[in-house]
Amino acid sequence: MSGGGCSIVWFRRDLRVEDNPALAAGVRAGAVVAVFVWAPEEEGHYYPGRVSRWWLKQSLAHLDSSLRSLGTSLVTKRSTDSVSTLLEVVKSTGATQLLFNHLYDPLSLVRDHRAKEILTAQGITVRSFNADLLYEPWDVNDAQGRPFTTFDTFWERCLSMPFDPEAPLLPPKRIVSGDVSRCPSVTLVFEDESEKGSNALLARAWSPGWSNADRALTTFINGPLIEYSMNRRKADSATTSFLSPHLHFGEVSVRKVFHLVRIKQVLWANEGNKAGEESVNLFIKSIGLREYSRYLSFNHPYTHERPLLGHLKFFPWAVDEGYFKAWRQGRTGYPLVDAGMRELWAAGWLHDRIRVVVASFFVKVLQLPWRWGMKYFWDTLLDADLESDALGWQYITGTLPDSREFDRIDNPQFEGYKFDPNGEYVRRWLPELARLPTEWIHHPWNAPESVLQAAGIELGSNYPLPIVGIDAAKVRLEEALSEMWQQEAASRAAIENGTEEGLGDSSESAPIAFPEDILMEENHEPVRNNPPATNRRYEDQMVPSMTSSFLRIEDEETSSDVRNSTGDGRAEVPRDVNVNQEPRRDALNQGFVQTVRNNTALSQFNILRGLTNVEDSTAESSSSSRRERDGGIVPVWSPPTSSYSEQFVGDDSGIGATSSYLQRHPQSHQIINWRRLSQTG
DNA sequence: TCTATTTTATG
DNA sequence: ATAAAATAG
């Protein structure tokens, strides 16, 4: 063992000193060098958005000051290759081991595996730990030892595991610092000048950093938690935990959340407080969804870019940049949707219910490709999280076995009265509707002219008419579905005739490019009620390139509407928003020509394909995973070696529903079978 | 108390 | 959409 040696503790999305198994192991073993490597280029398309980078910056500063008070500091490095940077850190500090906590997104799985291989080959001990989940994904299986494919079954199993989640660890009392005299920190740049103004507002609403996360947790547990079951779906009040960004960056451990919340539950159960007990169940269910997102990502590493069920493979998604823009700007004509999109832009945060509303509207009413929406969330959310967002969008889109029905359209008007019965939420974020009576606030298009006039609203002018009618959307959805079956039938026939061999991979070979519009829109036309004829594409879309999101972020900062609205999701109604001020998010990029190419997506695909041939055994990982905290020797950790994606959409077969996965979920094909019968029959 | 009707929840 | 739960009669 490395008694007395120096350990590198590699911080990533575990920016805390409390309940941090990697840090604890390092402290136990001797001296510690804490390192953070900023290598955003490694994230490919998923270069973090402006607000997310703002959070990271604050959180790292917070961690550094905590580490300093304990006797060391955080070494920060800029890199385009984390693994080789780690190797340099090891060499320059004379460290003998590398410690880190697990991540489950596909890029981290590959990168961390590589880190283990390369450093181990250099004679470095590499150990990794579970710090992000109640249970490691490979520990949660059904009676046949297979991974679950629905959330309910998964979560039921988690809650009845034969062993409890690990109890949280206390922070170290003191850290002996390794020798970093030859390993200088580099000052990391997370925001440019143009971003600082917008970011300044964020600090009013949010306090990143692990001890603030801890405080937020306590506040929630002692406050809103007990009434969570009653209040959790109110779009407008501070009744949720507001922990999501803290959890994303690992500032607070889910195990600690789980334990503290469970203690409350026992307490309330003893008092006979049924509502309180139920509140805890509902709250930990949302923790469970976060767990499940990692579980899915681990078992099916394509979750963030490909539908898990292939039954919508031939759905003709609308490739309509006008719709997309109207949605982003909150000018769809549906107040609840628009309020949500304005809040997202201004505050970087949305209530879970509102995320569902705007995403559902995006996919079902506008019929835009879900990955565009997911990418926009990625760019704008403070708690942007690849696994959670992929789960959310796939759930909404209907590509999970336990998704919503695909052909069910939710009406934002009715949802408005459900989640925002008094219209307060709409009035806060859509000041142009502030004077409209509650009776009409969620459907202004029905309001009598006199009411509109009294409220100072001119539909189509200072607030849009609905961009698409719900009935029209239903008709369009029907048409799109029948088109989908024709395409599917044609594809089937072609394959049977042998005309098209080994194709059916169209989602990879011809993705729908991300719209250039988001980069260089410069026409300030108001959104028309009758949009131009909509393009349809059969392929699933491709995620925008890292470059595009980066550029867009820069110029978004010039947007004047941001400065005028409040940065606080819980703030008062912004009085100073100029109604006529159109968001000008993309003004600077008018000359920019997008250079998105498919090859990034493909090379990432190939990396993952290669991974399936890696030698490590899953069994080995699972057997030892539970003893990691005891300092047991940790085997090289890697995803399952068997073809872990074949259960879902076949790489080559798409709708070819012979996979065991679909056999286990026959209802997933319900729409298709029923419709095809009514069509061809 | 039982049944019809309305509301709510749905990962 | 649909089923379960709450409420009205």
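Order of the sequence lines fixes the chain letters, A, B, ..., with proteins taken first and strands second; residue numbering starts at 1 for each chain.
Residue-level contact check: A/Gly288 touches neither bases nor backbone, having no heavy atom under 4.0 Å from any strand. Looking at heavy-atom distances under 4.0 Å, A/Arg233 makes contact with sugar-phosphate atoms alone, never a base. Nucleic acid contact class of A/Ile396 (heavy atoms, under 4.0 Å, all strands): none. Within 4.0 Å of A/Asp410, counting heavy atoms only, lies no atom of the nucleic acid at all. Residue-level contact check: A/Lys285 touches the backbone only, with heavy atoms under 4.0 Å from sugar-phosphate atoms and none from bases.
Residues that satisfy the side chain to side chain donor-acceptor pair (under 3.5 Å) test with A/Arg232, not counting sequence neighbours, are absent from this structure. For A/Asp420, there are no salt bridge (Lys or Arg N to Asp or Glu O under 4.0 Å) partners at least two apart in sequence or on another chain. For A/Phe283, the ring-ring contact (aromatic ring centres under 6.0 Å, His included) partners are A/Phe220, A/Tyr228, not counting sequence neighbours.
In this structure, A/Arg404 atom CZ and C/dT2 atom P are separated by 15 Å, rounded to whole Å. Rounded to an integer number of Å, the gap from A/Asp152 CG to C/dA3 P is 16 Å.
A 4.0 Å heavy-atom criterion places the boundary nucleotides of DNA chain B facing chain A at B/dA9 to B/dG11, written 5' to 3'.
The side chain to side chain donor-acceptor pair (under 3.5 Å) analysis of residues 271-282 of chain A, with sequence neighbours excluded, yields the pairs A/Ser229-A/Ser279, A/Gln265-A/Asn281.
In this structure, A/Trp349 and A/Trp206 have tilted ring planes: the angle between them lies in the 30° to 60° band.
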Expected list for residues 153-162 of chain A: side-chain donor-acceptor pairs under 3.5 angstrom, two or more places apart:
residue  : atom : partner  : partner atom : Å
A/Thr153 : OG1  : A/Thr150 : O            : 2.9
A/Thr153 : OG1  : A/Thr150 : OG1          : 2.7
A/Ser160 : OG   : A/Glu156 : O            : 2.9
A/Ser160 : OG   : A/Arg157 : O            : 3.4

